[in-house]
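Reminder, nothing fancy here: chain letters follow the sequence lines and each chain counts from 1.
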2 protein chains.
Amino acid sequence: MTKHYPTARATMQEVAAAAGVSTATVSRVLNSPTSVSPELVVRVETAMQTLGYRPSRSARTLRSGRSLQRVGFLVSNIQNSFFTDVLKGVEQQLVARQIAIVVGNSNNDIGYEAINIELMLEEQVSGIIAQFTSTQRKFYQALLHSQAPIVCFDHVPEGLSLDCVMTNNRAAMAQATRHLIELGHRSFGLVGGPLSYITARERQAGFLDALHAAGIGDDAIWIENGDWQIDGSYAAANRLLARTPQPLALLTINNEATIGTLKALQERKLRIPEEVALVAFDEMAWAGAYNPPLTVVNQHPSYQGNAAAELLLARMAEPGRPIQQVVLEAELIVRQSSGMLVQ
Amino acid sequence: MTKHYPTARATMQEVAAAAGVSTATVSRVLNSPTSVSPELVVRVETAMQTLGYRPSRSARTLRSGRSLQRVGFLVSNIQNSFFTDVLKGVEQQLVARQIAIVVGNSNNDIGYEAINIELMLEEQVSGIIAQFTSTQRKFYQALLHSQAPIVCFDHVPEGLSLDCVMTNNRAAMAQATRHLIELGHRSFGLVGGPLSYITARERQAGFLDALHAAGIGDDAIWIENGDWQIDGSYAAANRLLARTPQPLALLTINNEATIGTLKALQERKLRIPEEVALVAFDEMAWAGAYNPPLTVVNQHPSYQGNAAAELLLARMAEPGRPIQQVVLEAELIVRQSSGMLVQ
DNA sequence: AATTATCCAGAAAACGATTACAATTACATT
DNA sequence: AATGTAATTGTAATCGTTTTCTGGATAATT
């Protein structure tokens, strides 16, 4: 008994003919089976089975207007594990609901981002989950006017009110810094990010909050900002290490900054945590396998993805609902790079 | 002079009316502008501009049958950087051509993979670039019968003939092993993968090729196979390290195996490369920032993505063309984890 | 028993594009 | 001047669904 795989795609017409009903009935079986007599339901369903019927999304979307079935996922760098971790969370929520995900990767380029946005709108995505490349509102005018439901994560462009999910960045960074203080470190460096991003500003503020609260003087605080990416952070870390006394306790602003910093440390043959202690923002698959294992701030990215998907679904279902922000607390995972109280 | 953003989406009808032409002409301006008089082209184009017209992909796809505009990208684990690196390469090729990418992540689960495949087929993707979760043909019958153009990368399920792009795995692993031999190492371990995958078998074969060619006896060769993933590889590495004399030269079968192995090494406080030398399969963003920097085999994933996209485009354009395999040579990036000739 | 309400299924009109075909025009050829 | 040809443009059918509207059958109410 071999299963039958039709060569060409069967249409609703053919299913209707095979079941001896009208296409309207087939459609009803698909969309609201309760409104069709049980007898016909089975007849139609077996017809669908044997013909290997698969409804055309294009036709559905075209006819019904709404396309509850396609969602865009836009990020600045698809190679960054934070974003793919979020994507996984989004996927979990959406695939179960038969919603396809269209990905767009701007690769940190506003131009590509614009192309991707256009593409998504043409695709008639019913919503977009985005980590925008820029903080400037002007780049998103067209998107905003398209009326598409949007959920941001990581950061929201200046002056826009949108649903979003974020980490409590200030508290997270403060906690990480406090951890370093409690370990007895006395001078502190931050490999930061571009201050045009609220995310970078908040994390920096958290860093300073903790330091000032502990009465650490400004002469023991160094900050160099990179560009969220490996190379820029590598340069920033090098600037920092060149003018900084050791021992030093270092924090990084995100996962790529961590890699750049590690590279700089590695090249300068500085020992972690003896000469330079480190707490990294963002958990990474290999953080526990690093030598030494890295103490990190975990933003729970896949959970953020879940939350973003839920927000989007809610917004799509009820466009008029109030704008909502979901703020998640991060978790400090203490490993060895931050140094130890007892050596 | 503010740009006009229409609230509701304009249709081709409206554009036609605004430009004082028929919808056929508007369509032609879109699809083969040369067949329309220049004068009308500009009239139509300005009408599209002012109305903010954006063609409906659903309608296009429905009417034209072909949907040259949507491609599926299916992987077993979207969190694995090798796959996202490939995705980036695919993206580069496709977005420029206005083709959207629908991602599917099976998360190493055949069931989820099947759901994703169904979803993609419903989406009427015009082709699929896939890194299949299983090697067993039976899981892909429905997909195959759908007639959708498919390009595999990483591996091809048993007994299927499909376009694909792969690394010359055997040669790559042999080269890596030879590197270790030349460095003077004398016993060798492999943290391998499931041998049901041709990819794992080939890499293992390359490992043995080089060893046998150098006259290394079987008593100096250890192999433990994991599951391509971190945890399984961690366990395999632990088995290996438990029954292996040091010094040892180790190879890993992929990036996740590397992380698992590193974790095991780290826990056992084994020094790299003094006690255990290491060559890792797959370049990773942080490989050069590890302590010590990791010698790796680089598969050029984003280039593989480019190639896969090109293959798919070619197949979509000409379904009858002969099946083609693209085999890429990998590159050994020598850093410090493999040990040094001169200490 | 007559009337009304309820339910179910079909007919047919959309949705927004593409495209075969027909019609018009302009131009070249004789 | 008449005819043929090529280049443009328009008309209308069509893609595969959903959905409104309508009719007929059955059940419920009086």
### Message
Distance check needed: C:dT25 P versus B:E39 CD, whole Å only.
### Response
15 Å
Show every donor-acceptor pair shorter than 3.5 Å between a side-chain atom in residues 152-165 of chain B and any protein atom, with sequence neighbours excluded, or say none if there are none.
residue, atom, partner, partner atom, Å
B:H155, NE2, B:F132, O, 2.6
B:D163, OD1, B:R315, NH2, 3.0
B:D163, OD1, B:Q324, N, 2.8
B:D163, OD2, B:R315, NE, 2.5
B:D163, OD2, B:R315, NH2, 3.0

### Task
Tell me which residues in residues 24-34 of chain B put a heavy atom below 4.0 Å from DNA chain D, sorted by number, or none.
B:A24, B:T25, B:R28
### Task
Could you tell me whether the phosphate oxygens of C:dC7, OP1 or OP2, come under 4.0 Å of any side-chain nitrogen or oxygen in A:S37?
no
### Query
How close do B:V103 and A:E91 get, heavy atom to heavy atom, and via which atoms?
O-OE2, 4.0 Å
When you compare the protein's N or O atoms with those of nucleotides 13-15 of chain D, which come within less than 3.5 Å of each other, and at what distance?
residue, atom, partner, partner atom, Å
D:dT14, O2, B:R63, NH1, 2.6
D:dC15, O2, B:R63, N, 3.3

### Message
If the cut-off is 4.0 Å, is A:S22 near the phosphate of C:dG10, judged by side-chain N/O to OP1 or OP2?
### Response
yes
### Query
Is it true that the side chains of B:T133 and B:E113 contain a donor and an acceptor less than 3.5 Å apart?
yes
### Query
To the nearest angstrom, how far is B:R43 atom CZ from D:dT9 atom C1'?
11 Å
### Query
How about A:S81 and A:T84: does a side-chain donor come under 3.5 Å of a side-chain acceptor?
no
### Query
Over how many whole Å does the gap from B:M12 atom CE to D:dA12 atom P extend?
18 Å
### Query
Atom CG of B:L40 to atom P of D:dT9: distance rounded to whole Å?
4 Å
### Task
Answer yes or no: is there a side-chain heavy-atom contact under 4.5 Å between A:Q79 and A:N105?
no
### Query
Does any donor atom in the side chain of B:S76 or B:Q131 lie under 3.5 Å from an acceptor atom in the other side chain?
yes
### Inter-end axis angle, the helix from C:dA1-D:dT30 to C:dT30-D:dA1, with every axis fitted to five base pairs (rounded, 10 degrees)
50°
### Message
In whole Å, I'd like the distance from the CZ atom of B:R60 to the P atom of D:dT17.
### Response
21 Å
### Task
Round to the nearest Å and state the distance from B:M48 atom CE to C:dG16 atom P.
17 Å
### Task
With sequence neighbours left out, write down each residue that passes side chain to side chain contact (heavy atoms under 4.5 Å, CB included) with B:E39, or none if nothing qualifies.
B:S37, B:R43
Return a table of donor-acceptor pairs under 3.5 angstrom between the side chains of residues 19-29 of chain A and protein atoms on other chains or two or more places apart.
residue, atom, partner, partner atom, Å
A:S22, OG, A:A24, N, 3.4
A:S22, OG, A:T25, N, 3.4
A:S22, OG, A:T25, OG1, 3.4
A:S27, OG, A:N31, ND2, 3.2

### Query
Side-chain donor-acceptor pair under 3.5 Å between A:T61 and A:S58, yes or no?
no
#### Entry: Check: A:Q304 and A:F82 side chains under 4.5 Å, non-hydrogen atoms
yes
## Note on the structure
In terms of heavy-atom contacts, A:M120 and A:I128 come closest through SD-CD1, 4.1 Å
